[in-house]
A.B. asks: 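First the structure, which I've put down as structure tokens, then a few questions once you've had a look.
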Amino acid sequence: MKIGILSAGGDCPGINAAIRGVGKTAIVRYGMEVVGISNGFSGLVNMDTIPLTEELLSGILTMGGTILGTSRLKPFKPSAGETVADKPQIIRNNYEALGLDALVCIGGNGTQKTANLLAKEGLNIIGIPKTIDNDVWGTDVTFGFDSALCITTDAIDRLHSTANSHKRVMVIEVMGHHAGWIALYSGMAAGGDIILIPELKYDLDVVTNYLLERNHKGKPYSIVVVAEGIKNKKSKESAASYISDKIEKMTGLETRETILGYVQRGGSPSPQDRILATRYGAYATELIHNKQFSTMVSLKNNQITSVPLDEVGGKLRLVEPTDNMIKKGTSLGICFGIK
Ligand code: F6P
């Protein structure tokens, strides 16, 4: 059999471990041929490929980013002068021309949505859930999340000493456009006093009164962890600058902000992500061998399994207001910005 692999959407640590898991299982266990598709779905449109040999796959387990490159091209979203069928038709033709028996799509929500549409066009598709946001429906966790958590937790740890030296309120913005998993988990791991996530509509009065109360009790500083997705979509201002400006104006407490940005997606994957990505990749090849297509590999109660792509496509796994971590955090006295 000949299988193609692509990585699409935002990059993250662990993609290369997943590519290696798919490729080595395919070559070593099943004697399959493996083709890398460059830059996400655009590589399928432009027939931009690279043969993935065992030599090429060795040494990439610990490498950040993706050796194949990625893009956010959405083939079912026509460009000017195109019909919606144009790019999918080109992809179908190139899939055939490459002689592919299956295609592995490594990506987040948008990628799995496209993967599902291509499966409906008759391509043999397997999805692998990847994103630092951890918001892909159908799996307990995506690889990339743990590596981002290590980075954000370390960053927040570092803010405590400088906040304490200056007796300041420190606001740190982490990634998470729709879902607040990174803010919630790193806030809990690094002793955040306030954690604001897109899923819980915060009240500025609750936030500022909580900070004044802490100050009144003699607490020397406070750490506020916010997900980028809490920002007002209409405003150009970042969540961190908006919140820190409001806090300083409404409380009189000296406040500074940090926007962590793309470092959360950089560097070598954590051991947890290396293992998870490898397990996902290896299982994706098992599914291909067993011809169980139109599925996405997933982790459920720490078991590697798979879910129909139809159930996943375009859905988000958001933090529920009743999430246990929110209950635990609240009982510890952490403020989530709500009454
Ligand atoms: O999807 C992962 C992610 O890092 C989000 O957390 C972030 O909002 C987005 O990608 C940034 O997208 P881009 O890399 O296209 O700027």
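Remember, it's 1-based here, ligands and their atoms both numbered in the order they're listed. Throughout, residue positions are numbered sequentially from 1 according to the sequence presented.
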A.B. asks: Does Asp193 reach the main-chain N or O of Ile223 with its side chain, forming a donor-acceptor pair under 3.5 Å?
C.D. replies: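 Such a contact is found between Asp193 side chain and Ile223 backbone.
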A.B. asks: Can you list every pair that meets side-chain hydrogen bond (donor to acceptor under 3.5 Å, both in side chains) and has a residue in residues 17-31, with sequence neighbours left out?
C.D. replies: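 Listed once each, the pairs are Arg29-Glu286, Tyr30-Glu286.
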A.B. asks: Can a donor-acceptor pair be found, under 3.5 Å and without considering hydrogens, that links the side chain of Ser331 to the backbone of Lys327?
C.D. replies: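 Yes.
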A.B. asks: Show, in sequence, the C-alpha distance, side-chain angles and deciding distance for Tyr280 and Ser298, and conclude whether the side-chain hydrogen bond (donor to acceptor under 3.5 Å, both in side chains) test is met.
C.D. replies: CA-CA 7 Å; Tyr280 277 170; Ser298 77; over 6 Å; no
A.B. asks: When you look for protein heavy atoms under 4.0 Å from ligand 1, which residues do they belong to?
C.D. replies: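 Correct list: Arg72, Thr131, Ile132, Asp133, Met175, Gly176, His177, Glu228, Tyr262, Arg265.
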A.B. asks: I'd like to know if the side chain of Gln112 and the backbone of Gly107 have a donor-acceptor N/O pair within less than 3.5 Å.
C.D. replies: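 Indeed, once roles are kept as given, a pair shorter than 3.5 Å links the two residues.
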A.B. asks: Looking at CE of Met170 and OG1 of Thr258, how far apart are the two atoms once the value is rounded to the nearest 0.5 Å?
C.D. replies: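 The OG1 atom of Thr258 is 6.0 Å from CE of Met170, to the nearest 0.5 Å.
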